[in-house]
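Before any comments, here is the structure.
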There are 2 protein chains.
Amino acid sequence: MASPIHQRLREDVLAGVFAPDEPLTEAKLTERYGTSRTPVREALQRLEQDGLVERRGKAVVVRTHSAEEIIDIYESRIVLEQAAAAKAAVKATALDHQLLRALLLQMRQLDAGDGRVLAETNRAFHAQLWHATHSPSLIGLLERLDQQVRRYTLTTLTYPGRWPVVLADYAELLAAVEARDPQRAGEIAARHMSDALGIRLKMYAEDPRTL
Amino acid sequence: MASPIHQRLREDVLAGVFAPDEPLTEAKLTERYGTSRTPVREALQRLEQDGLVERRGKAVVVRTHSAEEIIDIYESRIVLEQAAAAKAAVKATALDHQLLRALLLQMRQLDAGDGRVLAETNRAFHAQLWHATHSPSLIGLLERLDQQVRRYTLTTLTYPGRWPVVLADYAELLAAVEARDPQRAGEIAARHMSDALGIRLKMYAEDPRTL
DNA sequence: CGGCATACGTATGTATACAATCGTGTACAG
DNA sequence: CTGTACACGATTGTATACATACGTATGCCG
């Protein structure tokens with residue numbers, strides 16, 4: 001349903017095509033995507049709703065997040081991921097289990113060096129877990145939060161020694177889900193996300209630019 | 001920021017001005033609000049993003065929720081309200097405490113019969129608690145969920161014997177927040193929302209039309 | 001030399017004209 | 001009588017012209 005230029009613009013924003021303070025004038029985007037202002041305006045509004053861009057005075061610029069804001073989003077996400085894992089443990093079907101297992105196997109065979117692929121597959125695993133809850137509201141909320149920080153998540157997985165731990169966490173989480181143990185699944189997910197936040201904070205302390 | 005007609009249309013949708021299957025044609029809204037199609041289209045898109053309307057085929061209609069969807073949203077909200085209460089217990093300032101106390105006092109003096117006023121004040125209390133978290137992401141997520149079911153929340157508070165319990169819950173919750181006890185605040189909030197869901201389910205069993 | 005006011009340019013907000021698509025109703029054929 | 005196909009109407013998607021407001025730069029006055 002979402003118009004094609006909405007998707008293209010979102011991809012470009014997430015890919016960092018535009019500088020943080022560069023005004024996204026409608027004329028520029030009109031030329032870039034070869035359409036008129038109307039679809040461009042629509043796309044900008046949706047991206048603003050999604051929290052990916054913001055209006056600064058009259059201009060629209062890609063939204064940047066302070067360290068505090070990122071921590072805040074992470075903390076909310078910890079809560080939601082815990083809830084999602086717990087609910088997935090109750091609601092997941094055999095097919096959901098199968099899809100999660102397949103994704104985990106796929107992740108094990110990846111080269112731990114390519115952050116891009118890691119981030120993408122990691123996201124797919126999370127998304128699959130969300131869908132295993134069969135809860136539209138949880139899925140929507142988590143997708144919303146994820147989009148806002150997706151630009152920053154690339155780095156977390158490439159932190160030295162992190163990837164094997166992630167794989168182990170997911171294996172444990174999947175086991176809890178398949179055992180239909182919501183308590184344990186939630187705990188593992190919460191711990192996993194807390195660890196991710198801890199690493200992010202550590203990286204930030206080492207080099208504030210990594211935000 | 002939000003255009004005036006966006007707000008007006010939202011109020012009208014929440015007020016139930018439009019029938020559940022009535023197509024919200026742009027021409028009709030254009031005439032109703034005395035503007036051109038462009039702002040109307042913008043408003044419709046935002047309302048669709050907010051989950052208040054949906055596209056059915058080509059037409060846009062006010063979104064209705066099945067019993068399952070409402071339960072789903074409630075369950076997510078239980079999680080978020082618990083998290084918000086816990087965070088408020090940690091982050092709330094003296095001013096937040098004061099505002100919450102004022103709202104509670106105000107609520108105690110209300111006529112328990114007027115569901116409209118009850119719902120509005122009740123919402124104000126929740127909103128104030130959300131803001132007491134000083135967490136933009138939590139506030140945003142909760143506002144989003146709240147909007148989707150606001151049309152249905154009017155009835156819950158007028159259920160026989162419910163209102164005094166609500167007041168007692170809020171007093172207890174506020175005490176926990178002021179005592180900076182996140183654990184207890186979260187538990188109270190979660191129980192409170194679970195009770196609300198229970199009442200909704202009971203009302204639905206008694207009369208499915210109350211949805 | 002500095003600050004404020006004004007004027008101009010540029011970008012967004014709004015209205016409308018045009019294009020395309022989807023749904024519907026009717027007519028015809030099986 | 002029913003199903004299908006075609007055509008027409010209505011409604012949304014797109015493009016553009018017009019209005020407006022904001023930011024900026026420049027010039028004048030203190």
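Just so we're clear, the structure is a prediction, and the values are computed from it rather than from any experiment. Below, chains carry the letters A, B, ... as their sequence lines are ordered, and counting in each starts from 1.
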Length of the line joining A:Y33:OH and D:dT14:P, which is rounded to integer Å: 15 Å
Nucleotide of C:dT12, D:dA15, D:dT12 approaching A:R55 most closely (side-chain heavy atoms): C:dT12
Gap between atoms CG and P, on A:L24 and C:dT10 respectively (whole Å): 19 Å
Gap between atoms CD and P, on B:E54 and D:dT12 respectively (whole Å): 15 Å
Presence of A:R37 side-chain N/O under 4.0 Å of C:dT12 phosphate oxygens OP1/OP2: no
Among C:dA15, C:dT12, D:dA15, the nucleotide that comes nearest once only the side chain of B:T35 is considered: C:dA15
Closest-nucleotide ordering on DNA chain D, the 5'-leading residue of B:T38 and B:A27: B:A27
Interatomic distance where CG belongs to A:L29 and P belongs to C:dA11 [whole Å]: 12 Å
Check: A:P23 main-chain N/O paired with A:K28 side-chain donor or acceptor under 3.5 Å: yes
Interatomic distance, A:R56 CZ vs C:dT12 P [rounded to whole Å]: 15 Å
Presence of donor-acceptor pair under 3.5 Å, side chain of A:K58 and base of C:dT12: no
Sugar-phosphate, base or nothing in reach of B:T25, heavy atoms under 4.0 Å: sugar-phosphate
More than 12 heavy atoms from other groups under 6.0 Å of CD on A:E120: no
Donor-acceptor under 3.5 Å (A:R180 side chain, A:A89 main chain): yes
Parallel, tilted or perpendicular: ring planes of B:Y170 versus B:F125, cut at 30 and 60 degrees: parallel
A:S36 side-chain N/O to D:dA15 phosphate OP1/OP2 under 4.0 Å: yes
Gap between atoms CZ and P, on B:R41 and D:dT12 respectively (whole Å): 8 Å
Protein-nucleotide distance (A:K28, atom NZ; C:dA11, atom C1'), rounded to Å: 12 Å
Euclidean distance, atom CD1 of residue A:I5 to atom C1' of D:dG13 [Å, nearest integer]: 13 Å
Residues A:T30 and A:R37: side-chain donor-acceptor under 3.5 angstrom: no
